[in-house]
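A short worksheet on the structure shown next.
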Amino acid sequence: MELDDVVDMFSVMVKSRPRPSIIDFNKLLSSIAKMKKHAVVISLGEQMQKLGIRHDLYTYSILINCFCRSSQVSFALALLGKMMKLGYEPDIVTLSSLLNGFCHGKRISEAVALVDQMVEMGYQPNTVTFTTLIHGLFLHNKASEAVALVDRMVVKGCQPDLFTYGAVVNGLCKRGDIDLALNLLKKMEASKIEINIVIYSTVIDGICKHRHANDAVNLFKEMENKGIRADVVTYNSLISCFCNYGRWSDASRLLSDMIERKINPNVVTFNALIDAFVKDGKLVEAETLYVDMIQRSIDPNIFTYSSLINGFCMHDRLDEAKQMFKLMVSKGCFPNVVTYSTLIKGFCKSKRVEEGMGLFREMSQKGLVGNTITYNTLIQGFFQARDCDRAQKVYNDMLSDGVPPSIMTYNILLDGLCNNGRIEKALVIFEYMQKSGIELNIVTYNIMIEGMCKAGKVEDGWDLFCSLSLNGVQPDVITYNTLISGLCNKRISQEADALFRKMKEDGPLPDSGTYNTLIRACLRDGDKAGSAELIKEMRSCRFAGDASTIIMVTNMLHEGRLDKSFLDMLS
DNA sequence: GTAGGGTTAG
């Protein structure tokens, strides 16, 4: 039955005489609660009150549960007080509802206290009570308390059931505590609780995400040897895991394996494969799978379309991306903020930021709210189009729309300003960031060091580099390369060499960029021996001359300033 | 007639 029908029935019941019993009203409220329409239940409860239809213990219990489910624990508590005044003693069910409310709100300490109070008041907590609290503890990142509670409930004579183990296993796997989860599987076997496929799939998925894929396959085999048959979800976890590691043949072997076993792949299976192919630049394969899934009568959904749109955008095939966008709408599958952001990014990357902005307005008109990523994309788009003012305006809009900037937002701002010759403005923002305790990452510093070097302020870049360790940030290869390049361009070769030595002593490994920058600097200085030395070292690290170095050497060759052996050395 | 959990994909 639909919600409307049930509500209609309520009005009929209210008018009919004699009035139906409170039990009938409770049944009706309960059915609405099962549809998760908690607000409706609450409002019908109020109407009953006004019409003089007295609540009983069950009515209160249902209403308290609905208040808790809709994050209005304080109202639930008020109702509990009211019902107790009327002489109704709450039972374990009502109190467990309340417990659930505390757990889902930010009141985990009250949840813990409630269970203690229940015991003091002579209630015997059951598996539902404990499971609810365990779930709450995981929600609040208190995994060890949750695990300890499983043991404590056993001590209190309450055997964990499948629900309890499900909650714990899931909580542990999400955190990557795989060993603890595996221990629990053993415990379940010892206490003769049948481990079902969902529990196994949970653990297999956890291993996929936090351990080696082969370990997941081993558990998969172990499970099947015990006579528990994998289902599509189990396969989906493994397939997406293999895809993430680029193990295409393993993934497709699993796909044919499941088809052969008549475990039908579903939309999730195909989405995992399509998305992974797209991200790896294999758009043709992704499109083939898309055709394949349609042939199997599996309907693409918003994930499928968004992945394919992303694929077209990555290859700058914006017309096809837009076509796919229109297609999904025509199929009744409506784009969300991710779909729009993907498309907006495609347009921005293609220097068509105005069209990106148009899409942003379109999505806002449809009631979709841009998130941090959406705004970041547009800000970056305007900077790339050298329109600092519009970029700045989008940033201001972001703040006034209440969307929180991330460190990525700031990095985009700093980078955009630096690249558009507005280093002074970037410095103001950078100082603001330092003062307001925003956690800067190495990318932030790299942007500023590069900006300073480009603006001819290599000394400032050097100072900033020296401040890194004070701020607890490790320089990476880009930091070194940027500063080395800045020093070379300023013809401060000795400092550049010193930095290169420091890098080799206690920094990240030099890469091709490091060597090429130094080699070009040597050549500019006319230091043939030094550059030959560096080239030798670079080659021994299996790097080769890059385009700018080769062009430079070729030019010098033509000018007769170098002999041909130099070019040969480079590659 | 009232309470709890768990798996996959952007």
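Values below: every heavy atom of this structure, side chains too, minus hydrogens, waters and symmetry copies. Below, read A as the first sequence line, B as the second, and so on, with proteins coming before strands; counting in each chain starts at 1. Predicted, not measured: the structure shown is a model, and the values here were computed from it.
Checked by distance alone, A/N336 brings a side-chain donor or acceptor within 3.5 Å of a matching partner on the base of B/dG10.
Proximity note for A/N196 (side chain, C-beta onward) versus B/dT8, B/dA3, B/dG6: the nearest is B/dG6. Among the nucleotides B/dG10, B/dG1, B/dA3, the one closest to the side chain of A/T339 is B/dG10. Nearest to the side-chain atoms of A/I23 among the listed nucleotides B/dT8, B/dG1, B/dT2 stands B/dG1.
Under 4.0 angstrom from either OP1 or OP2 of B/dG6 there lies no side-chain N or O belonging to A/K174. Look at A/K34 and you won't find any side-chain N or O under 4.0 angstrom from OP1 or OP2 of B/dG1. The side chain of A/N100 places no N or O atom within less than 4.0 Å of a non-bridging phosphate oxygen (OP1 or OP2) of B/dA3. An OP1 or OP2 oxygen of B/dG10 is reached within less than 4.0 angstrom by no side-chain nitrogen or oxygen of A/K345.
Legend: ring-ring contact (aromatic ring centres under 6.0 Å, His included) pairs involving residues 235-271 of chain A, not counting sequence neighbours, sorted by first then second residue: A/F220-A/Y235, A/W248-A/F277.
Put simply, CZ on A/F334 is 23 Å from P on B/dG10, counting in whole angstrom units. Rounded to an integer number of Å, the gap from CG of A/L184 to C1' of B/dG5 is 13 Å. The CE-P distance, from A/M48 to B/dG1, rounds to 16 Å in whole Å. Protein atom CZ of A/R54 is 23 Å distant from nucleotide atom P of B/dG1, rounded to whole Å. Following rounding to the nearest Å, A/N310 (CG) and B/dA9 (P) show an atom-to-atom distance of 17 Å. Atom P of nucleotide B/dT2 and atom CG of A/L80 are separated by 19 Å, given to the nearest angstrom. Rounded to whole angstrom, the span from the CZ atom of A/F102 across to the P atom of B/dA3 amounts to 18 Å. Whole-Å rounding puts the A/R175 CZ to B/dG6 C1' distance at 17 Å.
A/S61 places no side-chain N or O within 3.5 Å of a backbone atom of A/L57 that could act as its donor or acceptor partner.
Contacts between residues 156-170 of chain A and DNA chain B, defined by a heavy-atom separation under 4.0 Å, are made by A/D161, A/L162, A/F163, A/T164, A/G166, A/N170. Within residues 235-250 of chain A, the residues having any heavy atom closer than 4.0 Å to DNA chain B are, in order of number, A/N236, A/S237. For DNA chain B, the neighbouring residues in residues 119-144 of chain A, judged by any heavy atom under 4.0 Å, are A/N126, A/T127, A/V128, A/T131, A/T132, A/H135. Listed by residue number, the members of residues 201-208 of chain A with any heavy atom below 4.0 angstrom from DNA chain B are A/S201, A/T202, A/D205. Listed by residue number, the members of residues 273-295 of chain A with any heavy atom below 4.0 angstrom from DNA chain B are A/D275, A/K279.
Among residues two or more places apart in sequence or in another chain, the salt bridge (charged side-chain N to carboxylate O under 4.0 Å, His left out) test is passed with A/R19 by none. Scored by the salt bridge (charged side-chain N to carboxylate O under 4.0 Å, His left out) test, A/E46 finds no partners at all (sequence neighbours excluded). For A/K209, the side chain to side chain donor-acceptor pair (under 3.5 Å) partners are A/D205, not counting sequence neighbours. Listed by chain and residue number, nothing satisfies the salt bridge (charged side-chain N to carboxylate O under 4.0 Å, His left out) test with A/D91 (two or more places apart in sequence, or in another chain). Residues satisfying the salt bridge (charged side-chain N to carboxylate O under 4.0 Å, His left out) criterion with A/K174, sequence neighbours excluded, are absent altogether. Not counting sequence neighbours, the partners of A/S306 by the side chain to side chain donor-acceptor pair (under 3.5 Å) test are A/T339.
For the pair A/D319/A/K322, no side-chain contact is recorded, criterion being any heavy-atom separation below 4.5 Å from C-beta on. Side-chain contact between A/M153 and A/P160 is present, with heavy atoms from C-beta onward closer than 4.5 Å. Contact check for A/K142 versus A/I108: side-chain heavy atoms found under the 4.5 Å cut-off. When side chains are defined from C-beta on, A/F138 counts as touching A/L172, because their heavy atoms get closer than 4.5 Å. Contact annotation: the side chain of A/V14 never approaches that of A/Q47 to less than 4.5 Å [non-hydrogen atoms, C-beta and beyond]. With contacts defined as side-chain heavy-atom distances shorter than 4.5 Å, the pair A/K82/A/Y60 qualifies.
A donor and an acceptor atom, one from each side chain of A/R175 and A/N141, are located under 3.5 Å apart. With 3.5 Å as the limit, one finds a donor-acceptor pair spanning the side chains of A/T409 and A/N376.
Nearest approach of A/I204 to A/L219, heavy atoms of both residues: CG1-CD2, 3.8 Å. The minimum heavy-atom distance linking A/V403 with A/T372 is given by the pair CG1-N, 3.5 Å.
Base contact: A/D56 has a heavy atom under 4.0 Å from a base atom. Across all strands shown, A/N301 has heavy atoms under 4.0 Å from base atoms, whether or not it also approaches the sugar-phosphate. Backbone-only contact: A/I62 has heavy atoms under 4.0 Å from sugar-phosphate atoms and none from a base.
Between A/Y58 and B/dG1, no base-stacking contact is recorded for ring centres under 5.5 Å apart and planes less than 30° from parallel.
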